[in-house]
*Asks:* 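Below is the structure I would like to discuss, written out as structure tokens.
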There are 2 protein chains.
Amino acid sequence: MTRHTINDVARAAGVSKGAVSLAFNNRPGLSPDTRERILATARELGWTPSPRARALSVSRALAVGLVVARPPETLRSDPFFPSFIAGVESELSQHGYALLLQVVPEHDAEHQSYRRLSHEGRVDGVFVTDLYVDDARPALLAELGLPAVIVGPALSEPFWPAVGVDDAPGIAAAVEHLVGLGHSRIAHVAGPREMVHGRSRREAWSTALHRTGLPEGPCIDSDFSAEAGAAATRELLDLADPPTAIVYANDLMAIAGLAVATSRGIDVPGRLSITGYEDTELGAHVQPPLTSVCSDVIGWGRAAARRLLELIDQRPATDVSLPPPTLVVRASSGPAPVHRATHPTTGTPDT
Amino acid sequence: MTRHTINDVARAAGVSKGAVSLAFNNRPGLSPDTRERILATARELGWTPSPRARALSVSRALAVGLVVARPPETLRSDPFFPSFIAGVESELSQHGYALLLQVVPEHDAEHQSYRRLSHEGRVDGVFVTDLYVDDARPALLAELGLPAVIVGPALSEPFWPAVGVDDAPGIAAAVEHLVGLGHSRIAHVAGPREMVHGRSRREAWSTALHRTGLPEGPCIDSDFSAEAGAAATRELLDLADPPTAIVYANDLMAIAGLAVATSRGIDVPGRLSITGYEDTELGAHVQPPLTSVCSDVIGWGRAAARRLLELIDQRPATDVSLPPPTLVVRASSGPAPVHRATHPTTGTPDT
DNA sequence: TTGTACGCGTTATCAT
DNA sequence: ATGATAACGCGTACAA
């Protein structure tokens, strides 16, 4: 019951090692029936090529890497990665590739990780997530010669292709939804200005408002964390002329913001409407349930993996069109209040 | 600037390949100064052994696997894995090991994954999480001869060691906290009976109550999801004699339960106290902030990885004592109501 | 300490 | 066209 090798198969099929290799790699040079005979023999013996040996001989790792640089605290509640990874895996496994994951606390460590992965030849390519404006990683990876795919909004990145769901339609849908409900003072709690997906969502919010002819509401920079989302919300509610609706750049901040509003006795959605982004499981189960933007993260992962494998194999990019995100309307968004209180924290009942 | 090999180092140091290998593996058979000279030369050339070649030659993968079998939906909001993985990585990287991750939708697929990982020799060992009572995986892995560490409550598992933070002290602390606040009817929203950590938390709750001399409150089986947590909460609140406090088996269910209470106009903690488990980021930012049990998940990951590497190397287990979980008290738990309403949904103001 | 076989496929070179 | 042969990738380990 010991492990079989290519030699066992070759012997059993009465051919040479080389022939078995040709058969398994769909390479010309074999008559159809010997090819079939070889494959059948391999099937019987339960043999498949060893990735270890293959890796050494083809000078490839047959694995790709995902390095996530965040303090675990920030990462903890992030719903993105599990789905993304599931999608990635579904594509990789079909090509005999594996996913190697690392979670490191900060950016410097991430650079070290890439260097090591590349130097040791552990991976043939990597995904880069949470791209910053002027991010140094693409250049580093180019220097290392390590193929990469940017996971996030497509941008004119000189080094590597980007695969991402476009944020804009989802944010636009949220804004239009709120405008349709009569809101005219729509704020945004944004992701960090330095992060590409923070910036793109902010721009989408701004653009959508301009398109409807409304002025931009106030916009507070935040960092995608619950803590900062809560602080931003307090800041907005403290304004002399607070917004009647807030578009958050993710669910985590939206849920924290919701708690802030509730704790001040501000009725949601009676006095304040709220939308999130990402449609987390919990969003549907807070009070009131959160209106949010939902995108196909699994499909996204699959597409990113496909692109990365193409890049590694130097194949041309196949077109993948990811479905645009959709707005899931729940009870956290409702008609704009008829009378706008001058100061919501003094809370007179609405309608 | 092409990649160096062990031969380059050997030549540069004026020794044989074998000597370089001995030097890098701290093996006897080399004079101290040649050893040092070899290491210095390697440092100069920036050479480290190639995991690929090593893997083939030592007949090891130099990687361990983590297969997570859950529908992405369920996994999405799970805060456990990122921290756990960070801890795992910190240990693995020191030993030249890498972590290979897979996310599969259901249990059958997980079995397939293990079979494949083992058959292809992709990993030298795996972590098994979310253990079920009578789980078939340990036996499968034993049959495959693939070393495994159970991540979860220590239990008398015949095949593999378990590494886990003991749930009991944390749950007990929550129960005692509530008892100290005057609660006498303390319910539990449990994880699935078939899951080991569901069961262990339930038993901890039961034991803690008995120790204080209080009768068990009602206990509803749930499944760790927000959806089911909400349903369980509704069920509890519909009882003729509803509990004044609910101990949830995780934060996700607790937050969903909180929303249910709030939506019924039940004041938390005035009329109902709530505790969670896991201390997620969001728990501190819901309204009211959630009392929860916090454990050192990163340390847990580190310990599990260490044990797995020991198992792979057939070394004896070193003792690791993980710090017991601690109770983080926030505003969702408070004094038991003085007058217990006969039916909380008819909600007369409290105190 | 050194020489060399070995692990296990892949691929370039040859032979029919 | 088909298929065999042998070198190769890069460390490790055992005999000398």
*Asks:* Anything under 4.0 Å to a heavy atom of chain B counts; send over the first and last such nucleotide of DNA chain C, read 5' to 3'.
*Replies:*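 Footprint of chain B along DNA chain C, 5' to 3': C:dT1 to C:dC8.
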*Asks:* Have a look at the helix from C:dT1-D:dA16 to C:dT16-D:dA1 and give the angle its two end axes make, five pairs each, rounded to 10 degrees.
*Replies:*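 So the angle between the two local helix axes works out to 50°.
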*Asks:* Going through the distances and angles, do A:L99 and B:Q102 end up as a side chain to side chain contact (heavy atoms under 4.5 Å, CB included)?
*Replies:* CA-CA 7 Å; A:L99 177 69; B:Q102 281 181 259; over 6 Å; no
*Asks:* Answer yes or no: is there an ion pair linking B:R307 with B:E91, defined by an N-O contact shorter than 4.0 Å?
*Replies:*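 Looking at B:R307 and B:E91, the cut-off is not met.
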*Asks:* Testing the basics here: between A:V104 and A:S113, what is the closest heavy-atom pair and its distance to 0.1 Å?
*Replies:*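 Smallest heavy-atom distance, with atoms named: CG1-OG, 3.5 Å.
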*Asks:* Identify the two heavy atoms, one from B:L100 and one from B:A63, that lie closest to each other, and give their separation to 0.1 Å.
*Replies:*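 Result for this residue pair: CD1-CB, 4.5 Å.
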*Asks:* Angle between ring planes, A:H107 versus A:H111, binned at 30° and 60°: parallel, tilted or perpendicular?
*Replies:*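 Judged by the thresholds at 30° and 60°, the geometry between A:H107 and A:H111 is tilted.
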*Asks:* May I have the step-by-step check of side chain to side chain contact (heavy atoms under 4.5 Å, CB included) for B:L62 and A:R122, ending in yes or no?
*Replies:* CA-CA 10 Å; B:L62 303 179; A:R122 278 278 192 182; 3.8 Å; yes
*Asks:* Answer yes or no: are there more than 12 heavy-atom neighbours, outside B:D134 itself, under 6.0 Å from its atom CG?
*Replies:*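 At most 12 heavy atoms, drawn from other residues, nucleotides or ligands, come within 6.0 Å of this atom.
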*Asks:* Go through the structure and list residues passing ring-ring contact (aromatic ring centres under 6.0 Å, His included) with B:W47, not counting sequence neighbours.
*Replies:*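 So B:W47 forms a ring-ring contact (aromatic ring centres under 6.0 Å, His included) with B:F24.
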*Asks:* Go along nucleotides 9-16 of chain D 5' to 3' and tag each nucleotide: B for a protein heavy atom under 4.0 Å from its base, S when only backbone or sugar atoms are that close, - otherwise.
*Replies:* BBBBB---
*Asks:* Applying side-chain hydrogen bond (donor to acceptor under 3.5 Å, both in side chains), run through A:T48 and B:E120 and close with a yes or a no.
*Replies:* CA-CA 7 Å; A:T48 52; B:E120 297 186 341; 4.9 Å; no
*Asks:* Listed in order of residue number, which residues of residues 29-44 of chain B have a non-hydrogen atom at under 4.0 Å from DNA chain C?
*Replies:*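 Correct list: B:G29, B:L30, B:S31, B:T34.
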*Asks:* Could you pull out all residues at least two apart from B:E110 that satisfy side chain to side chain donor-acceptor pair (under 3.5 Å)?
*Replies:*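 In terms of side chain to side chain donor-acceptor pair (under 3.5 Å), with neighbours along the sequence ignored, B:E110 is linked to B:Y114, B:R137.
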*Asks:* Does this structure show an ion pair linking B:R302 with B:D296, if we count only N-O contacts that are shorter than 4.0 Å?
*Replies:*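 So B:R302 does not pair with B:D296 through a salt bridge.
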*Asks:* B:V163 and B:A303: which non-hydrogen atoms are nearest, and at how many Å?
*Replies:*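 Nearest pair, atom of B:V163 first, then B:A303: CG1-CB, 3.9 Å.
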